[in-house]
2 protein chains.
Amino acid sequence: MTHKSNPSEIKTYLKTISIFKDCSDSFLAKISANAQCQIHKKGKILFVHDDTIERFYIIKSGWVKLFRETLDGAQAVVDILDNHHVLGEIAIFENNIVPYSAEVVSNAEIISLPLANLKKEIKNDNQLALNMLKSMAHDRRRKDKEIEHRTIQNAPQRIGCFLLRLIDQNQKGPVTIHLPYDKTLVAARLGMQPETFSRALSKLRDETGIRINGATIEMESLDQIVRYSCAACSSNFPCQDLKTTS
Amino acid sequence: MTHKSNPSEIKTYLKTISIFKDCSDSFLAKISANAQCQIHKKGKILFVHDDTIERFYIIKSGWVKLFRETLDGAQAVVDILDNHHVLGEIAIFENNIVPYSAEVVSNAEIISLPLANLKKEIKNDNQLALNMLKSMAHDRRRKDKEIEHRTIQNAPQRIGCFLLRLIDQNQKGPVTIHLPYDKTLVAARLGMQPETFSRALSKLRDETGIRINGATIEMESLDQIVRYSCAACSSNFPCQDLKTTS
DNA sequence: ACTACACCTTGACCAAAATCAATTATCACA
DNA sequence: TGTGATAATTGATTTTGGTCAAGGTGTAGT
């Protein structure tokens with residue numbers, strides 16, 4: 001499964017990752033030398049919460065689910081990430097213990113890097129620390145928003161809001177949206193049961209006039225969904241700040 | 001309302017704040033020179049979300065509620081903070097715009113400092129950046145946990161979990177807990193209606209045998225609550241990691 | 001093309017929490 | 001010490017979402 005990885009190729013890619021933006025070349029060289037790039041199949045568990053890990057990961061393609069589970073199997077999805085997202089890096093603050101499990105949910109290409117380097121360099125490279133801080137701040141903000149949505153939006157509204165965040169919110173006229181992953185997973189991501197998701201999506205359709213065809217959703221304009229979902233939100237539309245593009 | 005503030009006294013206090021731990025003396029001197037300490041009464045709004053602010057705040061005593069509101073008045077509590085917590089500092093990443101509103105919910109003593117200094121110094125003082133990063137990481141973890149709890153715990157379980165996080169979880173034998181603020185506010189903090197809180201607390205009492213007397217809650221030991229609440233949580237008890245002491 | 005399996009939907013029912021409404025309790029302050 | 005105002009509780013009811021069960025759909029892999 002391990003891919004023959006060209007270090008300089010990886011180094012070029014790493015430069016596109018927000019937490020490595022404008023980082024010192026010496027750091028990038030060091031860290032990319034130890035990089036691995038692997039292709040993982042759907043279902044692959046990268047690590048389990050409370051594991052001690054030695055490497056953190058960057059998603060080059062595909063989707064990864066972050067979650068935690070109770071003893072009796074109840075699962076809470078913490079986040080679902082795609083390209084350019086970093087995971088497990090947080091472990092540097094907790095003796096290399098990760099606070100969530102990570103599972104590949106669609107075939108994915110994933111780079112892994114040693115945590116130790118990051119841990120060491122963050123002390124020397126202020127730019128790295130600042131980038132991480134900014135990314136973390138952005139992410140914390142997203143979590144706040146998530147909590148707000150769980151508090152004041154109902155199931156169909158949460159779905160509408162989710163859809164709006166998948167696209168460029170400034171486009172006028174007809175829009176087509178493709179769900180990025182399984183409906184079951186979208187449901188979990190939004191903190192509801194698959195059955196509830198199915199029914200709530202139908203309700204959203206009835207209320208807003210969108211057309212649903214499998215994972216494809218079409219509408220004449222965003223207006224209807226905006227009116228329906230964004231009424232139960234403290235932000236003004238467009239709210240692109242909530243994109244996962246940290 | 002402005003308090004005559006002794007700069008060196010404030011400087012001493014600032015050293016006890018986690019994000020300023022081990023920070024350069026030059027930074028501490030600079031920032032405490034511009035510090036103000038004010039006493040605010042319950043109900044005082046420090047700032048409103050999407051405001052542009054010039055200062056950030058540190059709570060010396062009392063409680064502050066962070067929240068957001070929709071146009072039609074629905075409110076979501078983002079967090080409730082006490083001593084040693086910092087708020088508004090996040091605005092340095094967003095052109096001084098704060099993402100939440102802040103309201104004093106019990107008479108409080110609050111220090112304010114110019115955001116500009118923080119913004120400038122964070123680039124020079126790596127220790128400051130690292131401290132903030134660590135604090136932010138911890139906080140993001142707390143938010144994840146919050147989302148998890150909203151997903152898999154019901155109302156009485158959330159209350160039990162909330163109670164456990166108020167105290168030293170390692171103590172054996174009888175325990176007395178005082179709710180730190182109004183039940184209405186606890187309810188909002190846990191994302192439920194006051195009526196639901198009232199009923200859920202009664203249910204928790206019936207299920208675990210705790211005794212409730214106004215804001216005072218007594219029990220023979222923590223065991224019962226742990227069994228009742230922590231079953232619906234992915235962490236093992238004790239879970240002190242979730243304390244707000246960032 | 002067939003099969004196995006996972007995904008999705010639908011219906012019936014149930015449980016949890018929100019809402020609406022009416023008291024009662026508590027507390028700051030005159 | 002009374003008196004409003006706010007907080008808290010309780011009851012009745014509705015709404016929302018979860019659970020259980022069955023059936024349909026789609027698709028990867030042989």
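Bear in mind the structure is a predicted one, so any value in this text is a computation, not a measurement. Numbered from 1 within each chain, the chains take letters A, B, ... in sequence-line order. All values below come from the heavy atoms of this structure, side chains included, with hydrogens, waters and symmetry mates left out.
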**Message:** For D:dG17 and A:Thr196 - does any side-chain N or O of the residue sit under 4.0 Å from the phosphate oxygens OP1/OP2?
**Reply:** no
**Fill in**
In this structure, OG of B:Ser106 is separated from CH2 of B:Trp63 (nearest 0.5 Å) by 8.0 Å
**Given DNA chain D, 5'-ward residue of the pair B:Arg205 and B:Asp182, judged by closest heavy atom** = B:Asp182
**Polar side-chain contact A:Glu195-C:dC8 base: donor and acceptor under 3.5 Å** = no
**Prompt:** Under the 3.5 angstrom rule, does the side chain of A:Gln171 hit a backbone N or O of A:Asp168 as a donor-acceptor pair?
**Reply:** yes
**Which nucleotide in D:dG18, C:dC8, D:dG17 has an atom nearest any side-chain atom of A:Gln193** = D:dG18
**Request:** For the residue pair A:Ser229 and A:Gln153, confirm or rule out a side-chain donor-acceptor distance under 3.5 Å.
**Result:** no
**Request:** Pick base, sugar-phosphate or nothing for A:Thr184, based on heavy-atom distances below 4.0 Å to the nucleic acid.
**Result:** sugar-phosphate
**Request:** Just compare C:dA17, D:dA7, C:dT10 and give me whichever is closest to any side-chain atom of B:Lys42.
**Result:** D:dA7
**Request:** Return yes if a side-chain donor-acceptor contact under 3.5 Å exists between A:Gln38 and A:Lys44, otherwise no.
**Result:** no
**Prompt:** Of the nucleotides D:dG17, C:dC8, D:dA8, which has the atom closest to the A:Lys183 side chain?
**Reply:** C:dC8
**Prompt:** So how far off straight is the helix from C:dA1-D:dT30 to C:dA30-D:dT1, going by the axes through five pairs at either end, to 10°?
**Reply:** 50°
**Side chain of A:Arg199 - closest among D:dG17, C:dT10, C:dT19** = C:dT10
**Side-chain donor-acceptor pair present, A:Thr151, B:Arg150, cut-off under 3.5 Å** = yes
**Asked** So, for A:His84 and A:Tyr13, is the gap between ring centers shorter than 6.0 Å?
**Response** yes
**A:Asp72 CG - D:dT19 P separation (whole Å)** = 12 Å
